[in-house]
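In what follows, a structure is listed as structure tokens, so that the remarks can point back to it.
The chains referred to below are lettered A, B, ... by the order of the sequence lines, with proteins before strands, and numbering in each begins at 1. Computation of the quantities below employed the complete heavy-atom set of this structure, encompassing side-chain atoms and omitting hydrogens, waters and symmetry-equivalent molecules.
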Number of protein chains: 2
Amino acid sequence: MKKNKKPESTIVDIARELGISAATVSRALNDHPKISKRTKERVSQKALELGYRRNQLASSLRNSRTFTVGMIVPRISMFFHAEVISGVQNLLHRKGYNLIICQSNDSDEIEKELAATLYSSRVDGVLVASTLYTTDYSHFDVFVEKGIPLVFYDRVPVDPYPAQLVEGDEYRGGYLAGEHLAQMGCTRIAAIFGLLSCSLYRGRLKGFKDALTAYKLEADESRIYFHELTHENALKTLEILFSTKPYPDGLFTANDTSALAMLDFARQRGIRIPEDLKLVGYSNDPRAASVTPSITTIDQFPGEVAIQVVDALGRLLENRTKSILEEPRTVVTPVALIKRQSTNPQ
Amino acid sequence: MKKNKKPESTIVDIARELGISAATVSRALNDHPKISKRTKERVSQKALELGYRRNQLASSLRNSRTFTVGMIVPRISMFFHAEVISGVQNLLHRKGYNLIICQSNDSDEIEKELAATLYSSRVDGVLVASTLYTTDYSHFDVFVEKGIPLVFYDRVPVDPYPAQLVEGDEYRGGYLAGEHLAQMGCTRIAAIFGLLSCSLYRGRLKGFKDALTAYKLEADESRIYFHELTHENALKTLEILFSTKPYPDGLFTANDTSALAMLDFARQRGIRIPEDLKLVGYSNDPRAASVTPSITTIDQFPGEVAIQVVDALGRLLENRTKSILEEPRTVVTPVALIKRQSTNPQ
DNA sequence: CAATTTTGTGAAAACGTTTGCATTCTCCTT
DNA sequence: AAGGAGAATGCAAACGTTTTCACAAAATTG
């Protein structure tokens, strides 16, 4: 199937055919007020006829605006991130922006590389949920220096960084979880968090501890674990937690994958949930709703996060055209406790 | 925080500082063989010093290669698609390509728009899982005409279309499901499919019917339903299916969401699974594994789909540089039956 | 040592679009 | 009728890079 690729037609082609200048064609296509109605009609007619499509590259080069936004996420297929991406993409599309998606696979090396590529592509703005291990954010400096809108969300820099931040109310999430377990009568509460290098878990831990304190339960440090929140890691920790009596009667895991691991472990060891142990997860992963017993968890409202992220970006994009730069600002998105069977004594 | 955006430095700046020509700088940066080692070193040294980053726009405009691939999917957050996107993004990144993601939200109007935008952005290739309703594929003609690599996957054109196709083995998936239900002793087998406008369900239906026939079970048309596969729709259909005895003793749903709906319905109506009814879903959604009873389903190996898609695209991209165009070709990716509790009589 | 090849570099054009400024033409105004 | 205003368009430069062609200098050859 030999294809004779037609060459792309340009405004120059249109101009030639119509016997006018390329400048006029350009203005006509952009609905410039000084161009006569008649010319505009002739131009758009001819454009259609020749199958003309604007070359966005050339346009962007000239205007230094690409109408493209870059997004770096740790893993596209994680439920929360997939939802945020989906929301962001829809919102940006409405504003006439494209979205370049990159995933760091939670490697800060790759993250660096991606930042460089996005800069090369001269994106108009960048959205980042960084890796769990990013502590040095200097690979984003180039965007700050060049005044390119930069928004961090979810996993945000721990130390002050001159960019917009959109973060979940991690403290409240942790607090709600701890409070709920306390209210349900747990006294030996254990918890599993991710590494504290990541902003997420710092907040959750603090909120969790404060809740226990508020309920006159000392947070027992020996029952709090920190590691990457995978299914396997969770099982290992649970082995330890349930190796010596008294067993914990409440468990907060900082993601739902670990909570699901607890369910497996419980089934295998004959631990009854919620009777013997009450369980709270985090993220409101769809699986948490469909397992038996369903898992009490903290919803992060990814749709709302998407809205806030795009909103913050939008403000920056507008300000940039006015070349006013905004103060770094932090937006906190809500969380909510979703009560389910795993903490419900009937 | 007023920022004086530094202007971006260009190869011309480097050239000026070094007292050489821009052409030489360009060649040095691209590791052109004719440039002396010494010059290359001086250039890359100075580039680093000035914080130079290639302007990909200008480069692309000149070379008419953007190293960007566009991808149109119905919904980013659907499990299967999120997995494919994730795989594709990783593979493309390794090849030095960026990925622009677009979601059609299953609207063919939006799909059209997105195709036009991607063309405007002069992507080097396009990957498409079309909407459930796309029957007219002419908005992709522009890519075919201009010889831009185009790969359809998952939801592919039903009628012949001159592009590469990567589709799951839908026939086999349907067959495996029907066969398994038959082997487990079901005799009154019902099924719920999506609309037959979509390639997916045609294949699954045919395979399913053939399996029943092979097991001497006539496929009872009155027990086969077609509609958009949402939770609510499934419940409505189930109301009908379970309104008159004899009730079905086997059910195949063409996605897992509907299978989960069946689980809810069963719980509510006191139908025991698998004792009273055996259930097979499709897609191997993570929820299918974690519910009780866990749901037997068909895995589509999204990772493998990603590999095949990128492979097909890769061949096209290479051929394009040699300006040989490949015959349209169809690759079929495997599926597998994952047996779980919903069909397992202890 | 002259002739030839090789090596390294530069000048300029090109990619397709946008835009500041200039220009033409028409239509008023006094 | 001269001058001015306004409308519609054109000219040419610019965005930053790559590449063809040409050319000088250096190295090789006989």
Worksheet, complete the sentence: side chain to side chain contact (heavy atoms under 4.5 Å, CB included) test vs A/Val128 passes for just one of A/Thr134, A/Val156, A/Leu150, namely A/Leu150
Fill in: Note: A/Lys46-A/Glu49 ion pair, threshold 4.0 Å (strictly below)
yes
Worksheet item: Does a side chain donor of either A/Thr68 or A/Asp124 reach within less than 3.5 Å of an acceptor in the other side chain?
Response: no
Item to complete: Decide if the gap between the ring center of A/Phe140 and the ring center of A/Phe152 is smaller than 6.0 angstrom.
Response: yes
Discussion item. Output the rounded distance in Å from NZ (B/Lys34) to P (C/dT6).
Written reply: 9 Å
Item to complete: For nucleotides 15-24 of chain C, just jot down a letter per nucleotide in 5' to 3' order: B, S or -, based on protein non-hydrogen atoms under 4.0 Å.
Response: BBBBBB----
Discussion item. Looking only at side-chain N and O atoms, does B/Gln103 offer a donor or acceptor that is under 3.5 Å from a partner on A/His93?
Written reply: no
Worksheet item: To the nearest Å, how far apart are A/His32 NE2 and D/dA7 C1'?
Response: 12 Å
Worksheet entry | Side-chain ion pair, A/Lys146 and A/Asp141, N-O less than 4.0 Å | no
Worksheet item: To the nearest 0.5 Å, what is the distance between CD (B/Gln45) and CG (B/Leu18)?
Response: 9.5 Å
Discussion item. With a 6.0 Å cut-off (strictly less than), is the heavy-atom count around NZ of B/Lys40, excluding the residue itself, greater than 12?
Written reply: yes
Discussion item. Among residues 37-45 of chain A, which ones have heavy-atom contacts with DNA chain D below 4.0 Å?
Written reply: A/Thr39
